[in-house]
Amino acid sequence: MTEPKKGNAQVFTGSQPTVAERPPQATGQRLAGKKVAAIVADGFEQTELDVPMQRLRDAGATVEVLAPDDRHLAHIEGESHGKPAAGVKADKLLKDANPDDYDALLIPGGLKSPDTMRQSSAHLAFVRAFVNADKPIGAICHGPWLLADTDVLSGKTVTSWPGIRRDLERAGAVWVDRPVVRDEKMVFSRKPADAEQFGDALIELVAASTRA
């Protein structure tokens, strides 16, 4: 269910159907041939990468995790509510990735990972390339920090972890407390508990962008 918001933003409310309840086209190959980049650094929230990444792959998309540097190509440290988690093996270095090769961008949260990446000119340039190309971007928890620091949130309706609300508002965004918010080619969520809805909303955004 959606509620129309100011401008082109949509706020998603209510529960989402489980995988078993979804029609075949929702869990099949809707995103076959699509390629998604996921950017993380040490301290990313494990659920906020794993869940939407698996959703995207179940829908047929290829998801590549991009490492910030050579040292992290073999392993990027994950966290779960501040405690060490499994982490992830990267598929490619950020410096070797071309934004033109991807159809969408996934930015998981966690406190440390987005804070590290928003201080990286390479990560900010990578994010801006998706914005300039009008490609779908999904950012959850602290992930929207990167969008704030690329100066692209002015006038956008967003959500996030509440602790960065003021940062996003100072960047010109309108902040709301909802599980999922979509504004044009961007979709936002608040926390690990929203990861399933976030992943499904990102699939819808990529599918809609494909149809357009």
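Residue numbers run from 1 in the order of the sequence given. Computed from a predicted model, the values in this text were never measured in an experiment.
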Q: Main chain of V63, side chain of R57: is a donor-acceptor contact present, judged purely on distance under 3.5 Å?
A: yes
Q: When you group the ILVMFWY residues by side-chain heavy-atom contacts below 4.5 Å and let the links chain together, are F44 and L202 in the same group?
A: yes
Q: Would you please test L124 and D149 for side-chain contact (heavy atoms from CB on, under 4.5 Å) and show each step?
A: CA-CA 7 Å; L124 296 181; D149 282 9; 4.1 Å; yes
Q: Report yes or no: do M186 and W145 belong to one cluster of Ile/Leu/Val/Met/Phe/Trp/Tyr joined by side chain heavy-atom distances under 4.5 Å?
A: yes
Q: Does the pair V158 and V181 meet the rule for a side-chain contact (heavy atoms from CB on, under 4.5 Å), with working shown?
A: CA-CA 6 Å; V158 307; V181 175; 5.7 Å; no
Q: Between atom SG of C141 and atom CD of E48, what is the distance when rounded to the nearest 0.5 Å?
A: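 Those atoms lie 4.0 Å apart.
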Q: To check you understand the geometry: which heavy-atom pair defines the closest contact between G143 and A139, and what is its length?
A: C-CB, 3.9 Å
Q: Before you tell me yes or no, could you show the steps for K156 and E184 under salt bridge (charged side-chain N to carboxylate O under 4.0 Å, His left out), namely the whole-Å CA-CA distance, both residues' side-chain angles and the distance that decides it to 0.1 Å?
A: CA-CA 9 Å; K156 298 287 187 185; E184 296 182 340; 2.6 Å; yes
Q: Sequence neighbours excluded, which residues qualify as salt bridge (charged side-chain N to carboxylate O under 4.0 Å, His left out) partners of D167?
A: R170
Q: To the nearest 0.5 Å, what is the distance between CZ (R55) and CD (Q197)?
A: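 Taking CZ in R55 and CD in Q197, the distance rounds to 9.5 Å.
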Q: Under 3.5 Å, side chain of D103 to main-chain N/O of K35, donor-acceptor pair present?
A: yes
Q: What's the verdict on side-chain contact (heavy atoms from CB on, under 4.5 Å) for V127 and I39, showing C-alpha distance, side-chain angles and the deciding distance?
A: CA-CA 9 Å; V127 172; I39 53 173; 3.9 Å; yes
Q: When D115 is tested against each of M117, K112, Q119 for side chain to side chain contact (heavy atoms under 4.5 Å, CB included), which residue passes?
A: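 Between D115 and the candidates, side chain to side chain contact (heavy atoms under 4.5 Å, CB included) is satisfied uniquely by Q119.
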Q: If I compare all heavy atoms of F126 with all of A97, which pair ends up nearest, and what's the gap?
A: CE1-O, 3.9 Å
Q: Of all heavy-atom pairs between I140 and K191, which one has the smallest distance, and what is that distance?
A: CD1-O, 3.4 Å
Q: Any heavy-atom pair between the side chains of R128 and V152 that's under 4.5 Å?
A: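 Result yes, sub-4.5 Å side-chain heavy-atom pair found.
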Q: Can you tell me how far apart OG (S209) and NZ (K185) are? Round to the nearest 0.5 Å.
A: 4.0 Å
Q: Same cluster or not: L56 versus L66, using hydrophobic residues (I, L, V, M, F, W, Y) connected whenever any side-chain heavy atoms lie under 4.5 Å apart?
A: no
Q: Hey, could you give me the NE2/CD1 distance between H142 and I107, rounded to the nearest 0.5 Å?
A: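 Here the interatomic distance stands at 14.0 Å.
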Q: Quick check: closest heavy atoms across M53 and L106, and the distance to 0.1 Å?
A: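 In terms of heavy atoms, the two residues are closest at N-CD2, 4.4 Å.
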Q: Measuring from atom CG of D101 to atom OG1 of T62, what distance do you get when rounded to the nearest 0.5 angstrom?
A: 12.0 Å
Q: Search all heavy atoms of Y102 against all heavy atoms of A37 and return the closest pair with its distance.
A: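 Closest approach of Y102 to A37: CD2-N, 3.5 Å.
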Q: When you check the side-chain N and O atoms of D42 and H72, is any donor under 3.5 Å from an acceptor?
A: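 Present: a donor and an acceptor within the cut-off.
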Q: Hey, is the main chain of P179 close enough, under 3.5 Å, to the side chain of S189 for a donor-acceptor pair?
A: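 Looks like yes, one N/O pair under 3.5 Å.
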Q: Check for a donor-acceptor pair, side chain of S113 on one end and backbone N or O of G109 on the other, with a separation under 3.5 Å.
A: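 Judged by distance alone, no pair lies under 3.5 Å.
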Q: Tabulate below the donor-acceptor pairs under 3.5 Å that side-chain atoms of residues 81-95 make, not counting sequence neighbours, or state none.
A:
residue: D91; atom: OD2; partner: V65; partner atom: N; Å: 2.7
residue: K95; atom: NZ; partner: D70; partner atom: OD2; Å: 3.4

Q: Once rounded to the nearest 0.5 Å, what's the spacing between atom CG of L205 and atom CZ of F198?
A: 9.5 Å
Q: Can you tell me if T159 uses its side chain to pair, donor with acceptor, with the backbone of V176 under 3.5 Å?
A: yes
Q: For a quick test of reading the model, state the closest non-hydrogen atom pair linking P144 to F188 and the distance between them.
A: CG-CD2, 3.9 Å
Q: May I ask you to decide if D200's main-chain N or O and E204's side chain share a donor-acceptor pair within less than 3.5 Å?
A: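 It does not hold such a pair.
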Q: Answer with yes or no whether the hydrophobic clustering places W161 together with L147; edges join I, L, V, M, F, W, Y residues whose side-chain heavy atoms lie under 4.5 Å apart.
A: no
Q: Regarding D58 and Q54, is there a side-chain donor-to-acceptor distance under 3.5 Å anywhere?
A: yes
Q: Tell me whether L31 shares a hydrophobic cluster with L49, the cluster being built from Ile, Leu, Val, Met, Phe, Trp, Tyr side chains joined at under 4.5 Å.
A: yes
Q: Using the side-chain contact (heavy atoms from CB on, under 4.5 Å) rule, take S160 and R190 through it: C-alpha gap first, then chi angles, then the decisive distance, then the call.
A: CA-CA 4 Å; S160 69; R190 305 170 300 181; over 6 Å; no
